[in-house]
Amino acid sequence: MKKILSLFAFLSLIAIGVNAQGISGGLKLGMNLANQTISAEGFTVSPSFRTSIHAGGYVTAMISEKLGIQPEILYSGQGAKNGDFSFKANYITVPVLVRWNFTSLFSVHAGP
């Protein structure tokens, strides 16, 4: 009986620790206004903006109450337009960020 109670107490402590270190996620969506300036010897061209979307998702895995890791996958449409000429570049990025929660509403992210 002592072994069963000790095992139950140990598993309860593990469950409390896992609950504090949650996994959550979400979606990101925004507008991207991309532009490029082309310079060469003696001339500069600045085409107009290319309007596109910036979208993706993220997962936050908290290691402790304050510290977590947040991998993301993001799509970004970039480029420029100049008359009939249109340059389009579509990127998919996968940054892995370190997240530090100062409060429940304010956090700082750092990474590539």
Can you find a heavy atom in the side chain of [X] that is under 4.5 Å from one in the side chain of [Y]?
X	Y	result
His54	Met31	no
Ile92	Ile73	yes
Val59	Ile23	yes
Gln78	Asn90	no

> If every non-hydrogen atom of Pro112 is compared with every non-hydrogen atom of Pro95, which pair is closest and at what distance?
Replying inline: O-CB, 3.7 Å
>> How close do Gly77 and Asn32 get, counting heavy atoms only, and between which atoms?
In response: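 That closest heavy-atom pairing would be O-ND2, 2.9 Å.
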To the nearest 0.5 Å, tell me how far [X] [atom1] sits from [Y] [atom2].
X	Y	atom1	atom2	value
Ser24	Tyr58	OG	OH	6.5 Å
Asn101	Met62	CG	CE	4.0 Å
Gln70	Arg99	CD	CZ	5.5 Å

>> Is there a side-chain contact (heavy atoms from CB on, under 4.5 Å) between Val98 and His109? Walk through the geometry before answering.
In response: CA-CA 6 Å; Val98 175; His109 303 186; over 6 Å; no
>> Quick check: is Phe102 connected to Leu67 through a chain of hydrophobic side chains (ILVMFWY, heavy atoms under 4.5 Å apart)?
In response: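 Yes; tracing contacts between hydrophobic side chains, which count when under 4.5 Å, links both residues.
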> Are Val96 and Ile63 connected in the hydrophobic side-chain network, where two residues link if heavy atoms are under 4.5 Å apart?
Replying inline: yes
> Are Lys28 and Leu74 close enough, and set up right, to give a side-chain contact (heavy atoms from CB on, under 4.5 Å), and what steps lead you there?
Replying inline: CA-CA 8 Å; Lys28 291 184 172 188; Leu74 304 170; 4.0 Å; yes
